[in-house]
Amino acid sequence: MTTMTDTSNAARFREFKMPDVGEGLTEAEILKWYVQPGDTVTDGQVVCEVETAKAAVELPIPFDGVVHELRFPEGTTVDVGQVIIAVDVAPGSGDAAPAPAAAPVAEPEPSEPEAPKGRQPVLVGYGVSESSTKRRARKGAAASVPAAAAAIQVEMNGHGAVVPESRPLAKPPVRKLAKDLGIDLATVVPTGEGGIITREDVHAAATPVPAQAPAPVAAAVAAEVEAPAPAVVAPAGARETRIPVKGVRKAIAQAMVGSAFTAPHVTEFVTVDVTRTMKLVAELKEDKDMAGVRVNPLLIIAKALLVAIKRNPEVNAAWDEANQEIVQKHYVNLGIAAATPRGLIVPNIKDAHDKTLPQLAAALGELVSTARDGKTSPAAMAGGTVTITNVGVFGVDTGTPILNPGESAILAVGAIKLQPWVHKGKVKPRQVTTLALSFDHRLVDGELGSKVLADVAAILEQPKRLITWA
């Protein structure tokens with residue numbers, strides 16, 4: 001009978017594991033659950049949003065049923081391959097339920113005092129990181145508890161993990177916050193589900209209560225920073241704020257350090273009169289062939305760079321360190337740096353070199369809209385060859401951009417300003433901007449880099465070259 005029950009359970013309950021939503025990524029953080037136990041789900045329905053080192057991604061469930069259990073709470077970083085949700089695919093067929101998943105038992109946090117006479121299991125899904133992308137868990141489903149510690153009363157935290165009753169329930173980030181603020185967790189009143197202490201509870205404990213106030217004033221607690229990562233916000237008057245480096249921000253930092261110290265960067269600058277380009281932009285906005293798409297200077301700059309690459313194809317390449325080869329690309333996946341609430345990302349327009357001006361405008365508009373909504377997929381950020389970063393939108397004249405890893409060049413566009421300029425022998429007010437091109441000097445020498453930058457500048461000065469040079 002036992003065997004039959006177990007087999008029935010296995011057929012009735014299905015588990016959905018954290019997939020690899022990126023290019024070989026090993027973990028992702030659960031940002032938000034869209035379902036709760038008892039909710040009915042259908043094949044293809046989005047059940048949660050997760051954030052990897054590359055982007056925020058919505059995960060659809062691959063089968064129908066009723067949600068039985070959410071294995072991890074929001075804010076948990078989960079390894080790829082771990083079960084995150086269990087679904088009853090045959091509701092009403094019996095009362096049997098699957099055994100709760102064993103919580104991974106990790107090494108205790110360095111900042112926490114070691115538990116007496118053996119380690120105790122920690123909150124499910126949390127442990128000490130071995131590196132930036134991998135956690136080291138102890139072997140076995142649970143730690144052995146010596147007889148001296150067995151007398152400690154324990155309780156379930158709602159996720160199948162055993163936690164000593166004598167120790168306040170809180171996740172590692174919350175414990176660190178309390179430590180930074182000098183708050184004893186034993187004195188904090190928990191409001192989280194299952195008696196777990198939340199960030200808000202710690203902030204409330206750290207905020208002085210006015211003499212005549214009947215309760216802690218929530219409005220006095222500073223809101224947590226949502227972008228690019230949740231911040232550990234200190235009370236008013238504190239001298240420091242600590243923001244955990246994770247997700248997209250962590251990936252950006254690692255990529256930029258790797259790029260800056262791997263590829264020898266060279267940056268060249270040119271200041272150019274773009275008055276005619278601005279006139280062209282105004283005319284295109286009124287053109288019926290451009291109806292329904294957004295026309296702006298970035299569109300013309302992108303097209304100018306594509307033409308410059310066509311005239312100087314050697315710049316569109318990559319350095320293959322393993323094989324000691326220069327890889328020439330016969331296509332252009334044009335990256336556009338976009339500032340989002342989760343940090344800077346660089347999605348790219350696939351095969352931008354084949355697109356007409358209206359098609360390029362539509363692709364740019366969709367790229368920007370998707371990035372602002374936080375819906376850019378990892379695939380949209382993979383395979384870029386050359387990038388444009390528009391620092392001019394912040395009123396900045398120019399900069400020295402760092403290459404995207406694996407790319408050969410990046411063009412920075414400065415603010416377009418009305419400035420005095422010598423035009424036809426006379427000083428006149430003209431629309432002027434400064435361009436900066438950074439390139440990998442291993443595969444792009446000074447001559448080639450200069451030609452590309454000069455071509456872009458020449459097109460922006462005389463945009464009719466988009467026709468004569470294309």
If you look at every heavy atom in [X] and [Y], which pair is closest and at what distance?
{"X": "V293", "Y": "P358", "result": "CG1-O, 4.1 Å"}
{"X": "V427", "Y": "P420", "result": "CG1-CB, 3.9 Å"}
{"X": "P19", "Y": "V80", "result": "O-CG2, 3.8 Å"}
{"X": "D43", "Y": "I61", "result": "OD1-O, 3.5 Å"}
{"X": "V270", "Y": "A457", "result": "CG1-CB, 4.0 Å"}
{"X": "M290", "Y": "A361", "result": "CE-CB, 4.1 Å"}

Does any non-hydrogen side-chain atom of [Y] lie less than 4.5 Å from one of [X]?
{"X": "Y34", "Y": "Q45", "answer": "no"}
{"X": "P190", "Y": "L169", "answer": "no"}
{"X": "L448", "Y": "F439", "answer": "no"}
{"X": "L466", "Y": "I300", "answer": "yes"}
{"X": "F16", "Y": "V87", "answer": "no"}
{"X": "W319", "Y": "E325", "answer": "no"}
{"X": "V274", "Y": "E461", "answer": "no"}
{"X": "V35", "Y": "I85", "answer": "yes"}

With distance as the sole test, does [X] use its side chain to make a donor-acceptor pair with the main-chain N or O of [Y] at under 3.5 Å?
{"X": "R465", "Y": "A458", "value": "yes"}
{"X": "N333", "Y": "N348", "value": "no"}
{"X": "H353", "Y": "V332", "value": "yes"}
{"X": "H441", "Y": "V444", "value": "yes"}
{"X": "N316", "Y": "I309", "value": "no"}
{"X": "W33", "Y": "F72", "value": "yes"}
{"X": "D440", "Y": "E407", "value": "no"}
{"X": "T356", "Y": "Q359", "value": "yes"}
{"X": "D88", "Y": "H68", "value": "no"}
{"X": "T433", "Y": "A415", "value": "yes"}

_side chain to side chain contact (heavy atoms under 4.5 Å, CB included) for I30 and K32? Distances and angles first, verdict last._
CA-CA 6 Å; I30 298 176; K32 184 176 180 62; over 6 Å; no
**Asked** Do NZ/NE/NH1/NH2 and the carboxylate oxygens of R71 and E69 come within less than 4.0 Å?
**Response**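 Looking at R71 and E69, the cut-off is met.
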- N-O pairing of E283 and K279 below 4.0 Å: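 Looking at E283 and K279, the cut-off is not met.
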Do T370 and D373 have a side chain donor and acceptor closer than 3.5 Å?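 Their side chains do not contain a donor-acceptor pair, so the 3.5 Å distance test is not met.
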Are a donor atom and an acceptor atom from the side chains of D397 and T434 found within less than 3.5 Å of each other? no
Could you give the distance from [atom1] ([X]) to [atom2] ([Y]), rounded to the nearest 0.5 Å?
{"X": "L299", "Y": "K303", "atom1": "CG", "atom2": "NZ", "value": "9.0 Å"}
{"X": "L360", "Y": "D354", "atom1": "CG", "atom2": "CG", "value": "11.5 Å"}
{"X": "D20", "Y": "E27", "atom1": "CG", "atom2": "CD", "value": "11.5 Å"}
{"X": "I388", "Y": "L364", "atom1": "CD1", "atom2": "CG", "value": "8.0 Å"}
{"X": "I336", "Y": "L334", "atom1": "CD1", "atom2": "CG", "value": "4.5 Å"}
{"X": "K17", "Y": "L59", "atom1": "NZ", "atom2": "CG", "value": "15.0 Å"}

Of T400, T389, T267, T387, the one forming a side chain to side chain donor-acceptor pair (under 3.5 Å) with S438 is T267
**Q.** Stepwise side chain to side chain contact (heavy atoms under 4.5 Å, CB included) test for L435 and L460
**A.** CA-CA 11 Å; L435 308 174; L460 296 181; 3.9 Å; yes
Handout entry: Evaluation steps, side chain to side chain contact (heavy atoms under 4.5 Å, CB included), between I84 and V50
Key = CA-CA 11 Å; I84 60 174; V50 302; 5.6 Å; no
Report task. Check the pair L70, Q36 against side chain to side chain contact (heavy atoms under 4.5 Å, CB included), reporting the backbone distance first and the verdict last. Result -> CA-CA 7 Å; L70 304 181; Q36 293 298 322; 3.8 Å; yes
Is the [atom1] atom of [X] crowded by more than 12 outside heavy atoms at less than 6.0 Å?
{"X": "K350", "atom1": "NZ", "answer": "yes"}
{"X": "Q462", "atom1": "CD", "answer": "yes"}
{"X": "R442", "atom1": "CZ", "answer": "yes"}
{"X": "R372", "atom1": "CZ", "answer": "no"}

